[in-house]
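Model, not experiment: these values are computed from the prediction. Residue numbers begin at 1 in each chain, while the letters A, B, ... track the order of the sequences. For the numbers below, each heavy atom of this structure counts, side chains included, while hydrogens, waters and symmetry mates do not.
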There are 2 protein chains.
Amino acid sequence: MKPKITLKDIAKELDVSISTVSKALKNSPEISKDTKDKIKAFAKFYNYRPNNIALSLKNKRTKNIGVVIPDIVHHFFTTVFRGIEKYANQKGYNVIVCISDESFDKEVINMEMLANGSIDGFILSLSAETQLKNDFTHLRELIDQGIPVVLFDRVTSEIDCDKVILNDKEIAFEATQHFINSGASKIALVTTENYFNVSEYRRDGYLSALSKNNIEVDDNLILTLPYNMKNDSLIRDFFKTRKIDAVLCVNEIFAVQCMNIIKELGFEVPDDISIIGFTNGMLSRYSHPSLSTVAQHGDIMGERAAQMLISRMESTEEEGPFKTEIINATLIKRGSTIN
Amino acid sequence: MKPKITLKDIAKELDVSISTVSKALKNSPEISKDTKDKIKAFAKFYNYRPNNIALSLKNKRTKNIGVVIPDIVHHFFTTVFRGIEKYANQKGYNVIVCISDESFDKEVINMEMLANGSIDGFILSLSAETQLKNDFTHLRELIDQGIPVVLFDRVTSEIDCDKVILNDKEIAFEATQHFINSGASKIALVTTENYFNVSEYRRDGYLSALSKNNIEVDDNLILTLPYNMKNDSLIRDFFKTRKIDAVLCVNEIFAVQCMNIIKELGFEVPDDISIIGFTNGMLSRYSHPSLSTVAQHGDIMGERAAQMLISRMESTEEEGPFKTEIINATLIKRGSTIN
DNA sequence: TATCAACACGAAACCGTTTTCGTAGTATTT
DNA sequence: AAATACTACGAAAACGGTTTCGTGTTGATA
């Protein structure tokens, strides 16, 4: 066991001052070549590395960024996270992850914990509870303290900061239009309770595509499901009792659940009923038939978010007004639609 | 914008010394009630929180743990991570995540980066490349420096440290036995190239179940697929050209790929061919029929790993010899097997 | 009245760096 | 020979805390 060596250790051993060692290792011209060589050799031999914590304290920045997401066993969030981690890593940053587990309290506590010096900035996606409560004082305080924050996907207009979002409405429009173009008119929407504002936007896109094509909206064709529950019977009932040509689902779990039940009821996918989901995850790729779906490009969202945050953190002057970047989703047409 | 307040600020404002402020906030009996009240009120008003970095430097521990995993868009690893994060959080630790992306270099660089004071210990699962190279000097050095390390799932016997693994062999045996019990004898194995030692253990379990039941091993019934590739044609060829009753797959992607192709070839699942996979993820749950699978209990693995690490980090004396904890997988019987 | 303990607080060291500034010694200039 | 300019280094402050130890003031004791 050989513990980490410090500047002080080197200084003592080589009988020079700490400052000299520090300067020598940074190749300062103040130090003579002889001394530098001696010190560098010694440092290399003992594998000296400066202590990050001491550096953080000195420089008043940690090179850590905090990522707070509602869930991690979740395809979209992991892809976003991967995008963040990759970019951050390139830029020499490390990433501290907290899972809010859709809880307001966990979100608040974790962020306050990290805000006390552990990180230089935050990237987060609001928890369901936070969106429900509509309470953003924790965010406001952080921003007030000068900590940069980037919101992604689950954002709020209440907070003025950088944001990265998907063009949810437009892509839902496009998906719905795709159904219409292929001859569907009884188009259903399977969505979550509306405290997720992304669901809201998707519904908007769905509705405006219908109205643009002069299709009357039928509330009976909109199924609202609780998030993350066993809802097979609701779905079965839904498809059994009405005539439906196509269904747009706001996530891939709903989409695959619908597909399984549709097939079980004896309908053919996509001939009788077409399906489009959101989230281009494993389920969409490997279901049978494979699911047409909206790819949210989480990697890109994550990368952009990290980029915005880091540029904000590293600029000394105020970097101008906050921006909202919109990531363009793409519709991936696969086996569950007529293309 | 009101920046963070420090002890020094409070001291100056209240015209006492820094030491007095520090002691007052820690409720030291050395300080009079009056002074304490005054200081506490002031601190509360300005929302004083001690700076984590300064504390870390002083205490020589960061309350951060580093988690290094090969991949994050991956059901098993995310469940393990969730287990780690949950336990760590309870214990007041934060988690820094690095994704090695199956690369040796990224694994090494990230760990060395973090080891310079940023974390108190590591939890990691080896990258594919690291396992291939069989080079663990980076781990050895960290352990040498006194940094506790816990390996999980993808471990190595070359390194002496705490470990958490699955009873891969036993559960593969059990799965194979389940096939045999339901009348199968032509039992296939679909596995990865063997630099993943977990695949190796699963193969062992498979083989020993066959031999225990006096079924001759047929190498033609073992399909080795490249990791993470398009391999539909290999699979199709495999099932088209031999008689198979049941197939054990070492992950759920292989399992669902096999199932889709089996169905496409006109066989019935499970009547003609039964399937068991590993990883109880979305694919297994939502495929049709749902897949019987080995639940690896990632949450529990993560929790145990975090537990071992934290207890190691917090014990001052040497905590005795390293342990290897074995998590018992369970076989979840669903629609893809005859139960 | 001298002694002593208790009280309440401050000074300073320390954690490991970086960086500014001061300075002894040597070399150059006039 | 005196003034000046480099060279090469060290002392010390600073980042923001904690903690040990020292000390001035007060009140009680002998």
Separation of atom [atom1] in [X] from atom [atom2] in [N], rounded to whole Å:
X: A/Lys60; N: C/dT18; atom1: NZ; atom2: P; value: 17 Å
X: A/Ile5; N: C/dC15; atom1: CD1; atom2: C1'; value: 17 Å
X: A/Leu57; N: C/dC15; atom1: CG; atom2: C1'; value: 9 Å
X: B/Leu7; N: D/dA14; atom1: CG; atom2: P; value: 16 Å
X: B/Lys4; N: D/dG17; atom1: NZ; atom2: C1'; value: 14 Å
X: B/Lys12; N: D/dG16; atom1: NZ; atom2: P; value: 11 Å
X: B/Asp34; N: C/dC7; atom1: CG; atom2: C1'; value: 13 Å

Name each donor-acceptor pair under 3.5 Å that joins a side chain in residues 3-12 of chain B to protein atoms two or more places apart or in another chain, with its distance.
{"from": "B/Lys4", "atom 1": "NZ", "to": "A/Asn116", "atom 2": "OD1", "distance (Å)": "2.7"}
{"from": "B/Thr6", "atom 1": "OG1", "to": "B/Lys8", "atom 2": "N", "distance (Å)": "3.3"}
{"from": "B/Thr6", "atom 1": "OG1", "to": "B/Asp9", "atom 2": "N", "distance (Å)": "3.3"}
{"from": "B/Thr6", "atom 1": "OG1", "to": "B/Asp9", "atom 2": "OD2", "distance (Å)": "3.3"}
{"from": "B/Asp9", "atom 1": "OD2", "to": "B/Thr6", "atom 2": "N", "distance (Å)": "2.9"}

How does protein reach along nucleotides 9-14 of chain C, written 5' to 3' as B (base within reach of a heavy atom under 4.0 Å), S (only sugar-phosphate), or - (no contact)? BBBB-B

Residues B/Arg154 and B/Glu102 bridged, charged N to O under 4.0 Å: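 Here B/Arg154 pairs with B/Glu102 in a salt bridge, since their nearest N and O are under 4.0 Å apart.
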
Ring pair (Phe, Tyr, Trp, His ring centres under 6.0 Å) with A/His138: which residues, sequence neighbours excluded?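 Ring pair (Phe, Tyr, Trp, His ring centres under 6.0 Å) check on A/His138 returns A/Phe104.
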
Could you go through the side-chain hydrogen bond (donor to acceptor under 3.5 Å, both in side chains) check for B/Asn110 and A/Asn89 one step at a time? CA-CA 9 Å; B/Asn110 278 314; A/Asn89 222 314; 3.3 Å; yes

By side-chain hydrogen bond (donor to acceptor under 3.5 Å, both in side chains), which residues pair with B/Asp299, not counting sequence neighbours?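 B/Asp299 satisfies side-chain hydrogen bond (donor to acceptor under 3.5 Å, both in side chains) with B/Arg82 only.
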
Sugar-phosphate, base or nothing in reach of B/Ser22, heavy atoms under 4.0 Å: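 Result for B/Ser22 = base.
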
Start with the C-alpha gap between B/Lys33 and B/Asp37, add the side-chain angles, then the distance that decides, and say whether salt bridge (Lys or Arg N to Asp or Glu O under 4.0 Å) holds. CA-CA 6 Å; B/Lys33 184 162 185 323; B/Asp37 287 350; 2.7 Å; yes

Could you check whether any side-chain heavy atom of B/Arg140 comes within less than 4.5 Å of a side-chain heavy atom of B/Thr137, counting everything from C-beta outward?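 Contact flag for B/Arg140/B/Thr137 side chains = yes.
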
Where the side chain of B/Glu325 meets the backbone of B/Val164, is there a donor-acceptor pair that is under 3.5 Å apart?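 Not at all, since once roles are kept as given, no pair shorter than 3.5 Å links the two residues.
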
Which residue is it: B/Lys323, B/Arg304, B/Arg312? I am looking for the one with a salt bridge (charged side-chain N to carboxylate O under 4.0 Å, His left out) to B/Asp162.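 Going through the options one by one, the only one that passes is B/Arg312.
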
Under 30°, 30 to 60°, or over 60°: which ring-plane class applies to A/Phe77 and A/His74, parallel, tilted or perpendicular?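 It falls in the tilted class, 30° to 60°.
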
If you take all heavy atoms of B/Ala24 and B/Ile39, which pair is closest and at what distance?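 Heavy atoms of B/Ala24 and B/Ile39 come nearest at CB-CD1, 3.6 Å.
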
Rounding to 10 degrees, work out the angle separating the end axes of the helix from C/dT1-D/dA30 to C/dT30-D/dA1 (five pairs an end).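 End-to-end axis angle: 80°.
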
Positions of residues 45-56 of chain B (non-hydrogen atom under 4.0 Å from DNA chain D), listed by number: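 When residues 45-56 of chain B is checked for heavy atoms under 4.0 Å from DNA chain D, the hits, listed by number, are B/Tyr48, B/Arg49, B/Pro50, B/Asn51, B/Ala54, B/Leu55.
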
